[in-house]
Amino acid sequence: MLRILTVFFFLCCTVFSFAQNENKSFTVKYIAATIEPDGILDEAIWETAESANQFWEYFPLDSIQARQQSDIKMLYDDKNLYVGIKINTAGRNYVIQSLKRDFRAGGNDNISLLFDTFSDGTNAFLFGTNPYGVRREALISGGGTQRSGFTTSWDVKWKGDAKIYDDYYTAEMVIPLSSFKFKEGTQKWRFNSYRFDTQSNETSSWVQIPQNQLVFGTAFMGDMIFEKPLGKSRTPLTIIPYINAISQKDFETNEGVNNFKIGGDAKIALGSGMNLDVTLNPDFSQVEVDDQVTNLTRFEVSLPEKRQFFIDNSDLFSSFGDSRDANPFFSRRIGIAKDTAGDAIENKIIGGIRLSGKLNKDLRVGFLNIQTDEDIENEIASNNNSMLAVQHRVFSRSNIGMFFINKQSLKNYDFIEREDEYNRVLGLDYNLASKDNTWNGQFYTHKSFQPDDNIGNLSSGAKINYNSRKYTIYAKAVYIDEDFSSNLGFVRRTDIVKGILGVGRTFWPKKGPIQNHEFQVFPIVQWSPSRDFKNTDYDIMSTWEAKFKDQSEFALGMTNSYTFLFEPFDPTDTEGGLELPANIGYHYNNVSAGYESDRRKTFTYAAETEIGRFFNGNRFSLETMMTLRFQPKVFLSLILNYDKINLPAPYPSADIWLLSPKIDITFSKSVFWSTLVQYSNQRDNLGINSRLQWRFAPLSDLFIVYNDNYFVNSFQPRNRSINLKFTYWLNI
């Protein structure tokens, strides 16, 4: 069945590809002068530059010219790309979340520029600014077809500022050409720009984009043509050393540690498209803590990667397989291990290298090798973690990828069983993306290897997505053998065959407050191959979602579910509670409703509630998020989740709370303070993370990070630490 689906969907890439409108273009002139990016377009040389103008409206309509127009001009010399922008507005009442770099764009006033330097329609660099001159940069991967392909953790040095006038604002950017990767001698990049205008309630883009596509998608771009060919991409050698002083105490063991650490990273350019990243004794104490979640399932929860070393070109390593069911490489596995009690603890990274980038327009290569330290007391081996990935573009925007992963112990440890001495995975993927992104999908086959276990161990899947203005169709099939294993991956469960066929119909009313609304049916069914393909799970979901012209959203849903338990399970996770018995199937259903308010407002909120059966009992859930903005310096948010689970006696019932208030204060564009408090009675933890950051030089910081954790029931201290960390970004 999978073979037939794979062949059929593979052929779709050549049959279903629709032409775009004729490309828009403009010329970027070469200059000998330099421009100081003060945000004021008073240099006479801007008058000689061609414009990227005549923006199209994306929201609320996608068929007319933008009501508030934007004008972008570009110039360049041997070292820098100069950008001058004029943005017309209805007034000066801008919405600004904060003064902190890498702000979230939605619900704010800002403009973003996308540069596809290899014209592959898959990857792009993004640079943006708001009326206050606050900057952001990001990497776009996977053609911008999913929000997960938008990565703001990427950092690079560049300059920019803005100036506000009565009915418009201007901005200037000076972006070193070394910030980009491109082929020597190239004379054309693909380009687009999109802009959020809260006063006119308008989103617009230079190249027209249909609303059923994401606004940062790379399928819809024009051309920026350089007056003369570009030279080499001369990325400088970058050294990023750090010094970290830490004092911490574990109150459970009554042990305290004072430590002083040094280490750092280096970024080395190899040719015009490749990066070599080196890390030695890395420290991630300044990285934001993970958001706690309530988990009512039997399976592990996937959390996003936030560590800078793993971010650049991360899609080259992490985009293989299925992100939900069988991702063979999940970088968060590196640096975390389980102790003798089965609890996750930090596993020190000694050092590592990562080579990634483009060899030419069509071929991308990545190699990663990281060594972790041993921890004999907790029976954790020293492991070498490596991955080789190759990706070659085919057709207009599709690609074929191959990878090999190896995790291997370097010593013979008494506490390591033979089957755990190494784990290897070999795989082949095909990623489909039609020229206009109406069709996209993925088809893959992976095989794992362990000592004395080389038969079977397969993970295969196929998915296809059709996305037009009126209809969406999503089909997916996944097979994971019960012996498939990827120790550096995220595999939610094995021994499954999973099928999905979702169908949606979108309506676009010509009148009234609704901008569009959609009906969707989304069934998910799973079987167990080792149990004669017994049906183990299904979820049949029906939803109606409406998006309003004021940017608020409303949704209704109904789900009918079935779960067969092979092992006893307590969904309340109550200590000592009686688990639901195994080898029994449970039928249950629920209804849900959700609302999200207009994010442009000073106070915003979102709420979703769910009520219905749950296994052999009942469940009521409420998830809420509220934000309050005192712009541009203070941003407050609160997450409150409540789950009430009532199971019949003698099984336990529970009231599960997750409370997470956060305060962000930006004293200036270089001094930031954020404090996050997270209360979870399911995890029996009250955590406080407070971080003060001073950006004293470009991408160079001084951090003071305070962490405190308490047991919820007894309110006794659990562990506490304070870090003082200094990092400096040095270009040589």
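No hydrogens or angles considered: a donor-acceptor pair under 3.5 Å links the side chains of N707 and N689. Looking only at atom types and distance, the side chain of S485 has a donor-acceptor partner in the side chain of Q450 under 3.5 Å away. For the residue pair N384 and N406, no side-chain donor N or O sits within less than 3.5 Å of a side-chain acceptor on the partner. A donor-acceptor pair shorter than 3.5 Å can be found between the side chains of D708 and Y706. With no hydrogens or angles considered, no side-chain donor-acceptor pair links S356 and N275 at under 3.5 Å. Using a 3.5 Å distance cut-off with no hydrogens or angles, the side chains of S112 and R136 do pair a donor with an acceptor. For the 3.5 Å distance criterion, the side chains of N378 and T340 fail to qualify, holding no donor opposite an acceptor.
Contact of the V705 side chain with the S285 side chain is not registered, since no non-hydrogen atoms from C-beta on lie closer than 4.5 Å. Side chains of S459 and Y444 form a contact here, defined as non-hydrogen atoms less than 4.5 Å apart. Counting only heavy atoms from C-beta outward, the side chains of L280 and V278 never approach each other to under 4.5 Å. Counting only heavy atoms from C-beta outward, the side chains of F103 and T152 never approach each other to under 4.5 Å. Using a 4.5 Å heavy-atom cutoff, the side chains of L113 and I85 are in contact. Residues F180 and L81 have side chains in contact (heavy-atom distance under 4.5 Å, counting atoms from C-beta outward). In this structure, P698 and W729 have side chains that are not in contact, with every pair of non-hydrogen atoms separated by 4.5 Å or more.
Scanning for ring pair (Phe, Tyr, Trp, His ring centres under 6.0 Å) contacts around Y30 gives Y76, with sequence neighbours left out. Considering only residues two or more places apart in sequence or on other chains, R683 meets the salt bridge (Lys or Arg N to Asp or Glu O under 4.0 Å) condition with none of them. With sequence neighbours excluded, the residues satisfying side-chain contact (heavy atoms from CB on, under 4.5 Å) with K348 are N281, D373. For F672, the ring pair (Phe, Tyr, Trp, His ring centres under 6.0 Å) criterion is met by no residue, not counting sequence neighbours. Scored by the ring pair (Phe, Tyr, Trp, His ring centres under 6.0 Å) test, F150 finds F216 as partners (sequence neighbours excluded).
Minimum heavy-atom separation, A124 to T218: CB-CG2, 4.0 Å.
A donor-acceptor pair under 3.5 Å is absent between the side-chain atoms of N192 and the main chain of L114, judged by distance alone. Between the side chain of D315 and the backbone N or O of S319 there is no donor-acceptor pair closer than 3.5 Å. Remark: the backbone N or O of G687 is not paired with any side-chain donor or acceptor of Q678 at under 3.5 angstrom. Between the side chain of T122 and the main chain of D120, a donor-acceptor pair closer than 3.5 Å is present. The closest donor-acceptor contact from the side chain of S382 to the backbone of T372 lies under 3.5 Å. Judged by distance alone, with hydrogens and angles left aside, the side-chain atoms of R492 form a donor-acceptor pair with the main-chain N or O of R324 at under 3.5 Å.
Outside the 6.0 Å centre-distance limit, the rings of F329 and F403 are not counted as a close aromatic pair.
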Show the atom names and distances, to 0.1 Å, of all donor-acceptor pairs under 3.5 Å that link a side chain in residues 252-262 to residues at least two apart or in another chain.
{"unit_1": "N254", "atom_1": "OD1", "unit_2": "K249", "atom_2": "NZ", "d": "3.4"}
{"unit_1": "N258", "atom_1": "OD1", "unit_2": "S247", "atom_2": "OG", "d": "2.7"}
{"unit_1": "K261", "atom_1": "NZ", "unit_2": "D283", "atom_2": "OD1", "d": "3.3"}

Please assess H446 against I405 for the test side chain to side chain contact (heavy atoms under 4.5 Å, CB included), listing each intermediate value before the final yes or no. CA-CA 11 Å; H446 304 159; I405 297 172; over 6 Å; no
Take R332 and F490, measure what side chain to side chain contact (heavy atoms under 4.5 Å, CB included) needs, and give me the verdict at the end. CA-CA 9 Å; R332 287 181 60 101; F490 182 84; over 6 Å; no
Can W189 and F191 be said to form a ring-ring contact (aromatic ring centres under 6.0 Å, His included), step by step? CA-CA 6 Å; W189 293 355; F191 170 77; 9.6 Å; no
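Atom-to-atom distance recorded for L699:CG and Y728:OH is 11.0 Å, nearest 0.5 angstrom. Distance CD/E36 to CD/E172: 8.5 Å, rounded to 0.5 Å. If you take CE on M173 and NZ on K159, they are separated by 15.0 Å, rounding to the nearest 0.5 Å. Put simply, CD on Q442 and CZ on F320 are 9.0 Å apart, with the number rounded to the nearest 0.5 Å. Atom NZ of K157 and atom CD of E137 lie 12.5 Å apart (nearest 0.5 Å).
Of the listed residues (F703, F696, Y242), just one forms a ring-ring contact (aromatic ring centres under 6.0 Å, His included) with F726, and that residue is F696. L676 pairs with exactly one of Q292, E288, K662, R691 by the side chain to side chain contact (heavy atoms under 4.5 Å, CB included) rule, that one being K662. The side chain to side chain contact (heavy atoms under 4.5 Å, CB included) test with N80 singles out one residue from I31, I175, V174, and that residue is V174.
Other residues, nucleotides and ligands contribute over 12 non-hydrogen atoms within 6.0 Å of the NZ atom of K669.
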